[in-house]
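First up is the structure itself, then whatever we jot down about it.
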Amino acid sequence: MPKTVLTPQSEDFPRWYQDVIAKAELADNGPVRGTMVIRPYGYAIWERMQADMDRRIKEAGARNAYFPLFIPESYLTREAEHVEGFSPELAVVTHAGGKELEEKVVVRPTSETVIGEYMAKWTQSYRDLPLLLNQWANVVRWELRPRVFLRTSEFLWQEGHTAHATEADARAYARRIHADVYAAFMREILAMPVVLGRKTARERFAGATNTLALEAMMRDGKALQMGTSHELGQNFAKAFDITYLSEQSRQETCWTTSWGTSTRMLGGLIMCHGDDAGLRVPPRLAPVQALVMVVKDGEGVVAAAEQVVADLVGRGVRAELDARVDTPFGRRAVDAELKGIPVRVEVGPRDLAEGSVTVVRRVAGGKTAVPLGGVVDTVAAALDDDHEALYAAALAHQTDHTTAVSTLEEAREAARTGWATIPWSTLGPEGEATLAESAVTVRCLTMPDGSVPESEDDAGVLAVVGRAY
RNA sequence: CGGGGUGUGGCGCAGCUUGGUAGCGCAUUGCGUUUGGGACGCAAGGGCCGCAGGUUCAAAUCCUGUCACCCCGACCA
């Protein structure tokens, strides 16, 4: 039996989370409390998330731009709810260039305000709309209770900002990002099932008229918001004078949206798929899909392993060679497991004597001897299979830990191990406030068929409640 | 803001009560034996004991001050 290298999830889930992050070399704590250093392996996963998301965002018509890190403090104060929502977590620069600044500068907690200022300049005519922007950036929100990836004072994200001529167009775009970009990415790449819904007024983004969210269940039953897409109505458009001249030559105010996903998704990925042996990275996301290990040196072993790598790469598999035979095999195998590499191909003298290699799978488990000629097909099939297996397992976990209830007491009880669904007409804002006293919150409002309600007053709206990160 | 706790090699900790010049596990480096599931032996490197002051022949240890971090409560959401 392998020695326990991580604190078991059942013993202490938060501890397990910290352990995997350290042992899989994903991140380290930064020198300033609440900051993090993303290590090469963690960053490689983030880069793959970025690449795929970026492609989808561009397919949705948005284009990348970059706005400054520093925002005049006065911008923030223009939208009342927005300042109020963010002021407690703002980092403000008061001194620079060796002297006190006349106007303080805020380190962006999000970029609605600066981008609003420029949108106002760029949207002159209805021909300029919709204006669809996205930026990849870091943002700062000073956190008192930081946790690596989940809540840090600085994190990396993608923030989209759009301006539209009509409310309907803005609403449709916010929904398109929510469902066709974010949910699809999480399903197809992260192998994570998410519940799509809208936020209650209490949980809404500061300054938004509607917030759409994607909630995922972690293995401890808690919820993690994986992304949000906001309809901002005309709140920011009015505050920043984002207007345009319509076809009828009338000055009209735009309707804006904003939407974002961050490095927090890494935390979600870890806690959704990870097990007691470490991370499990879904194959389409994995920076290394197949690790070809030289188990033990011997006649022609390294050459055979190199050939397997070449064959896999030729087939489009992200394969790497591990020929560190001076490091004990067990250590290397455990390392690969901690890092969640989907497939290991072990090549040693014993295998070669049989004309085969040993394929070891992280998700499905088990070792199989595979003839040299069949390695590529076997690995490719395993990768496809693992993606579906991870998704199915996560979905089953979510389903098994979600209970339909009809009273607050039952909801609280269900939230101890997972989520509860309760009719919103039963719960209401009062029930929501009551549950919040025991740290149980409404994660989102959804329809029984999984669709997103048009309004919280729609017939049949369900509140998904639980504890959240 | 109130209460409690902790600061000792990279990480985790012991030593403090009863002062005597710093130790253990893991990690790291070298050599050898190993290598098919976190190997073993021998050797080595690495510490302003949070910081400042005081008591003392002598302070990680006692005293005073100070800083940082953690937990609980309050506040906030």
Side-chain angles (χ1 to χ4, degrees), chain A residues 1-7 12 14-15 18-25 27-35 37 39 81-90 109 141-148 150-151 153 199-208 211 213 223 225 228 276-278 291-298 301-302 304-305 322-339 341 344-354 356-362 365-370 429 432-443 467-469:
Chain A
M1 279 300 285
K3 224 179 2 179
T4 311
V5 55
L6 302 171
T7 304
D12 185 345
R15 184 71 183 273
Q18 289 187 317
D19 285 355
V20 207
I21 287 172
K23 297 278 171 91
E25 302 180 344
D28 246 325
N29 285 316
V32 171
R33 179 180 152 76
T35 61
V37 174
R39 303 180 63 179
E81 281 185 35
H82 194 64
V83 225
E84 200 189 324
F86 278 109
S87 56
E89 42 193 16
L90 287 182
R141 298 177 185 177
W142 217 256
E143 292 291 351
L144 298 175
R145 297 246 177 279
R147 299 191 69 176
V148 179
L150 302 176
R151 197 180 302 116
S153 290
K199 288 292 190 183
T200 61
R202 186 190 177 91
E203 300 281 332
R204 205 178 279 154
F205 175 71
T211 290
Q225 178 176 295
T228 49
D276 285 348
L291 184 67
V292 180
M293 295 178 63
V294 172
V295 174
K296 189 178 175 177
D297 213 351
V301 175
V302 172
D322 175 9
R324 298 132 64 214
V325 286
D326 56 345
T327 300
F329 171 77
R331 167 168 295 267
R332 293 184 288 144
V334 170
D335 270 349
E337 255 156 29
L338 283 167
K339 291 190 170 174
I341 296 170
R344 285 205 320 274
V345 180
E346 301 178 353
V347 185
R350 198 190 294 167
D351 301 286
L352 288 184
E354 306 285 326
S356 65
V357 296
T358 303
V359 170
V360 188
R361 297 176 56 181
R362 179 66 176 87
K367 301 186 177 196
T368 321
V370 175
E432 181 182 21
T434 307
L435 283 181
E437 288 167 13
S438 27
V440 175
T441 53
V442 175
R443 302 321 309 150
R467 292 169 301 139
Y469 278 100

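The sequence lines fix the lettering, A, B, ..., with proteins before strands; numbering per chain opens at 1. Quick caveat, the model's predicted, so the values are computed rather than measured.
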Going by modelled atom types, is there a donor-acceptor pair between the base of B:G36 and the side chain of A:K367 at under 3.5 Å?
->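 Answer no: no donor N or O sits under 3.5 Å from an acceptor.
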
Grab the [atom1]-[atom2] distance between [X] and [N] for me, whole Å please.
X: A:Q18; N: B:G12; atom1: CD; atom2: C1'; value: 13 Å
X: A:D19; N: B:G12; atom1: CG; atom2: C1'; value: 11 Å
X: A:E143; N: B:C69; atom1: CD; atom2: C1'; value: 18 Å
X: A:L435; N: B:A77; atom1: CG; atom2: C1'; value: 16 Å
X: A:E84; N: B:A77; atom1: CD; atom2: C1'; value: 11 Å
X: A:E89; N: B:C76; atom1: CD; atom2: P; value: 16 Å

Are any of the side-chain heavy atoms of [X] and [Y] separated by less than 4.5 Å?
X: A:V292; Y: A:V347; value: yes
X: A:T211; Y: A:E203; value: no
X: A:R202; Y: A:P429; value: no
X: A:L6; Y: A:L338; value: yes
X: A:E437; Y: A:L435; value: no

[N] versus [M] - spacing of their [atom1] atoms, nearest Å:
N: B:A60; M: B:A22; atom1: P; answer: 9 Å
N: B:A43; M: B:G36; atom1: C1'; answer: 30 Å
N: B:C72; M: B:C31; atom1: P; answer: 49 Å
N: B:G7; M: B:A77; atom1: P; answer: 36 Å
N: B:G12; M: B:U17; atom1: P; answer: 25 Å
N: B:G2; M: B:C49; atom1: C1'; answer: 31 Å
N: B:U21; M: B:U64; atom1: C1'; answer: 24 Å
N: B:U18; M: B:C62; atom1: P; answer: 9 Å

Watson-Crick or G-U stems involving RNA chain B, each at least 3 pairs long, distances under 3.5 Å, ordered by first number |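 The stems are B:1-7 with B:67-73, B:10-13 with B:23-26, B:28-33 with B:39-44, B:50-54 with B:62-66.
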
Can you list the residues that meet the side-chain hydrogen bond (donor to acceptor under 3.5 Å, both in side chains) rule with A:T35, with sequence neighbours excluded?
->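 Testing A:T35 for side-chain hydrogen bond (donor to acceptor under 3.5 Å, both in side chains), a comparison that skips the adjacent residues, returns none.
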
Have a look at [X] and say if it touches a base, only the backbone sugar-phosphate, or nothing, with a 4.0 Å heavy-atom cut-off.
X: A:E346; answer: base
X: A:T358; answer: base
X: A:R324; answer: nothing
X: A:V347; answer: nothing
X: A:D297; answer: nothing

Could you tell me whether the phosphate oxygens of B:A27, OP1 or OP2, come under 4.0 Å of any side-chain nitrogen or oxygen in A:R331?
->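 Result: yes.
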
Going by salt bridge (charged side-chain N to carboxylate O under 4.0 Å, His left out), name the residues that satisfy it together with [X], two or more places apart in sequence or in a different chain.
X: A:E84; result: none
X: A:E143; result: none
X: A:K199; result: A:E215

So, the side chain of A:R344 versus the backbone of A:L291: is there a donor-acceptor pair under 3.5 Å, distance only?
->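 Between the backbone of A:L291 and the side chain of A:R344 there is no qualifying donor-acceptor contact (under 3.5 Å).
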
Distance in Å, A:R362 CZ paired with A:I341 CD1, rounded so as to fall on 0.5 Å steps =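 So the CZ of A:R362 and the CD1 of A:I341 are separated by 10.5 Å.
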
All N/O contacts under 3.5 Å from nucleotides 32-35 of chain B to the protein, with atom names and distances to one decimal?
{"residue": "B:U35", "atom": "O2", "partner": "A:V325", "partner atom": "O", "Å": "2.9"}
{"residue": "B:U35", "atom": "N3", "partner": "A:V325", "partner atom": "O", "Å": "3.4"}

Hey, which sits more toward the 5' end of RNA chain B by its nearest nucleotide, A:R15 or A:R202?
->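 Here A:R15 is the residue nearer the 5' end.
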
